[in-house]
Undergrad: 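The structure's right below; bear with me while I get my questions together.
Throughout, a chain's letter reflects where its sequence line sits, starting with A, and its residues are numbered from 1.
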Number of protein chains: 2
Amino acid sequence: MKIRVAIMGYGNLGRGIQCALRQNDDMELVAVFTRRDPSTVKVLEEIPVYSADKLMEMKDAIDVLMLCGGSATDLPKQTAEYAKYFNVIDSFDTHARIPEHFAAVDKAASEGGKVAMISVGWDPGMFSLNRLYANAILRDGKDYTFWGKGVSQGHSDAIRRIPGVRNAKQYTVPVESALDAVRRCENPELTTREKHTRECFVVAEEGADKAWIENEIKTMPNYFADYDTTVHFITEEELQRDHAGIPHGGMVIRSGKTGMNGENQHVIEYSLKLDSNPEFTACVLTAYARAVYRMYTEGMKGCKTVFDVAPAYLSPMTAEELRKSLL
Amino acid sequence: MKIRVAIMGYGNLGRGIQCALRQNDDMELVAVFTRRDPSTVKVLEEIPVYSADKLMEMKDAIDVLMLCGGSATDLPKQTAEYAKYFNVIDSFDTHARIPEHFAAVDKAASEGGKVAMISVGWDPGMFSLNRLYANAILRDGKDYTFWGKGVSQGHSDAIRRIPGVRNAKQYTVPVESALDAVRRCENPELTTREKHTRECFVVAEEGADKAWIENEIKTMPNYFADYDTTVHFITEEELQRDHAGIPHGGMVIRSGKTGMNGENQHVIEYSLKLDSNPEFTACVLTAYARAVYRMYTEGMKGCKTVFDVAPAYLSPMTAEELRKSLL
């Protein structure tokens, strides 16, 4: 009997989950739900698409509901709402608001007797796990998280909102010299500017003032002002040809000391290099959806994060197989 | 109330645990047990040293017994024996014999109502965890584990057993070009020889036939014959000066494909760079000793591996603190 999964919200992440489920033969996609008109949703592969209104009617046909909306407005509402009736999983990634999101979802899932996982993906998600493991092991040390090289959707959007900009793509790039210093256990104190640079590829409207646009970008508070930013003006054709992908990645590094007098140094590094940010995030969510279902069948309930899940729950292999082949 | 820990066996690993416990103020070392004459054991810092025979008398004063013997003969006997009476943890690292070790320890710990963790360290241990996570996430992919650059105690010992060799140190070194190919997602099929080289620093007895020793090393079955091996003859002084440490490390890499047609590639890499292999292993064991105790207080019992432990158990922080600061 396969784990029956449904997707709520069919954007890049939802499509990624549809792909990921094809690689996991103990799971099956039973339906996609959307708040748009279902007839306008083009799915990658034949699957029923229903209006979000129909969700409750399918309650008994779904083991895990995977919520693929955005963290700004969708998930803060949806996850707690659906956790009353479904085992759910989301990729809520507004770090500062995780405690309140957890509280709301935990209340709903506990009342409903369901398991709800929040903030699953790579950051928060795999990066968080690696921060925890490295902190528990190297007690006297220092953490560093670098992102990139990769596309920041939020920063690309911010550029596109500037008058005269037709299209744009922004890459976050870790500073190599800072990375090297961290890996050499120099424990540098790094400012925002010293950790990452920002590289922007911008398509301007015809006749737009490029110097003005460039200045608007470079001085934009929060998004760019604190970084060394490079702006390249290119054509729409070049953007489509060279910058169509959504790559990302990064590293979590912790260096620390051991010994009676801290005489020995150690570096733990976890790094990701991803061709497609949403497809990788979808793979992480899919593995944790398996865990959600198993934890539910064992009688657990309430809100969980990656910190609460024993790794064995993620794998389709049995405990014996895991010990034999991967330990 | 601190977690009361005892160490059984006081070699490099036991000393490392004594150091690690000083960095964890929710834990305390209550005693060291040894099979040697306790009066001959010199501890790093003042702590009672008892004969192994006295262990049962201290049963109620110990929350977790950390077993620091070897995997060849000590642990296959000790872990199952002590798991009847104590929560225990070991670093059993003979991969092929893990299933039988698990079965014996699980039986003992289940009967005794205790929690026993086996095969904790970095490989098996953190590397195993990363193999599991990466396999669960990237279902269509390939695993690689590289070791080094680091000292292999077993290979150093093998060289020292050759007549005419006074002392020796052997380094396992990953082949950079193989690593690069893996990181570029080329999914190479690598032979033993293509993954690692072996570098030996040998002190010969006066008048020994160095050419014969070098040949003995390079043709030694299992240990060196399948590798490209380099042998350097040096003096005892040079060995003590340049090769006194016990560094190690390595990488677990998985590359895999996603998308409807495997059009996107991803690389997950976990790497360790360690000045002291035993001190780092000791830090991992110490974090998991905390988990053992907590799982025991929650009523769990039986044999566990790193796959069975929810990450939150490893950290001294509360679940709220973890979500707030590390998620």
Undergrad: Which answer fits B:Tyr288, side chain, backbone, both or neither, if we ask what part of it has an atom under 4.5 Å from a heavy atom of chain A?
TA: side chain
Undergrad: Which region of B:Leu327, side chain (C-beta onward) or backbone (N, CA, C, O), has a non-hydrogen atom less than 4.5 Å from a non-hydrogen atom of chain A, or is it both or neither?
TA: both
Undergrad: Is it true that atom NZ of B:Lys142 has more than 12 heavy atoms of other residues, nucleotides or ligands lying nearer than 6.0 Å?
TA: yes
Undergrad: To check you understand the geometry: which heavy-atom pair defines the closest contact between A:Glu279 and A:Gly16, and what is its length?
TA: CG-CA, 4.2 Å
Undergrad: Could you tell me whether the side chain of B:Ser91 and the main chain of B:Gly121 form a donor-acceptor pair under 3.5 Å?
TA: no
Undergrad: How about residues 240-259 of chain B versus chain A: which residues have heavy atoms under 4.5 Å apart?
TA: B:Lys257, B:Thr258, B:Gly259
Undergrad: For chain A, which of B:Trp122, B:Tyr133, B:Phe127 has the most heavy-atom pairs under 4.5 Å?
TA: B:Tyr133
Undergrad: Check each atom of A:Phe280 against the heavy atoms of chain B and say whether the ones under 4.5 Å are side chain, backbone, both or neither.
TA: both
Undergrad: Taking the side chain as every heavy atom from C-beta outward, state whether A:Met317 and B:Phe307 have any pair of such atoms under 4.5 Å apart.
TA: no
Undergrad: Quick check: does any side chain N or O of B:Asn261 sit under 3.5 Å from a backbone N or O of B:Glu263, one acting as donor and the other as acceptor?
TA: no
Undergrad: At a 4.5 Å cut-off on heavy atoms, which part of B:Tyr270 comes close to chain A: side chain, backbone, both, or neither?
TA: both
Undergrad: For a quick test of reading the model, state the closest non-hydrogen atom pair linking B:Asn135 to B:Arg139 and the distance between them.
TA: O-NH1, 3.2 Å
Undergrad: Heavy-atom distance under 4.5 Å to chain A: side chain of B:Arg15, backbone, both or neither?
TA: neither
Undergrad: Check whether B:Ser276 gets within reach of chain A through its side chain, its backbone, both or neither, counting any heavy atom under 4.5 Å.
TA: both
Undergrad: Please classify the contact of B:Asp140 with chain A as side chain, backbone, both or neither, using a heavy-atom distance under 4.5 Å.
TA: both
Undergrad: Using a strict 4.0 Å threshold on nitrogen-to-oxygen distance, state whether A:Arg131 and A:Asp123 make a salt bridge.
TA: yes
Undergrad: Between B:Tyr144 and B:Pro188 (side chain of the first, backbone of the second, donor and acceptor by atom type, cut-off under 3.5 Å), is there such a pair?
TA: yes
Undergrad: Which atoms of B:Val284 come close to chain A, meaning under 4.5 Å heavy atom to heavy atom: side chain ones, backbone ones, both, or neither?
TA: both
Undergrad: Name the member of B:Leu285, B:Thr145, B:Thr286, B:Ile98 that forms the most heavy-atom pairs with chain A at distances under 4.5 Å.
TA: B:Ile98
Undergrad: Under 4.5 Å heavy-atom distance to chain A, tell me which part of B:Ile268 shows up: side chain, backbone, both or neither.
TA: both
Undergrad: Of the backbone (N, CA, C, O) and the side chain (C-beta and beyond), which part of B:Arg22 lies under 4.5 Å from a heavy atom of chain A, both, or neither?
TA: side chain
Undergrad: Looking only at non-hydrogen atoms, find the nearest pair between A:Pro278 and A:Leu13 and report the distance.
TA: O-CD1, 3.7 Å
Undergrad: Measuring from atom OG1 of B:Thr281 to atom CG of B:Leu274, what distance do you get when rounded to the nearest 0.5 angstrom?
TA: 7.5 Å
Undergrad: Would the distance check show the side chain of B:Asp90 and the main-chain N or O of B:Ser119 forming a donor-acceptor pair, the cut-off being under 3.5 Å?
TA: yes
Undergrad: Tell me, out of A:Leu272, A:Leu326, A:Thr305, who's got the most heavy-atom pairs with chain B below 4.5 Å.
TA: A:Leu326
Undergrad: Could you check whether any side-chain N or O of A:Thr297 sits under 3.5 Å from a backbone N or O of A:Arg294, counting only pairs where one atom can act as donor and the other as acceptor?
TA: yes
Undergrad: Find the one option among A:Gln18, A:His95, A:Gln23 whose heavy-atom pairs under 4.5 Å with chain B are most numerous.
TA: A:Gln23
Undergrad: Give the member of B:Ser128, B:Pro311, B:Ala310 that has the highest number of heavy-atom pairs under 4.5 Å with chain A.
TA: B:Pro311
Undergrad: Given the options A:Asp143, A:Asp308, A:Leu322, A:Val306, which has more heavy-atom pairs under 4.5 Å with chain B than any of the others?
TA: A:Leu322
Undergrad: Taking B:Leu44, B:Leu132, B:Leu314 one by one, which has the highest count of heavy-atom pairs under 4.5 Å against chain A?
TA: B:Leu132
Undergrad: Would you say B:Lys273 and A:Glu269 make side-chain contact, with heavy atoms under 4.5 Å?
TA: no
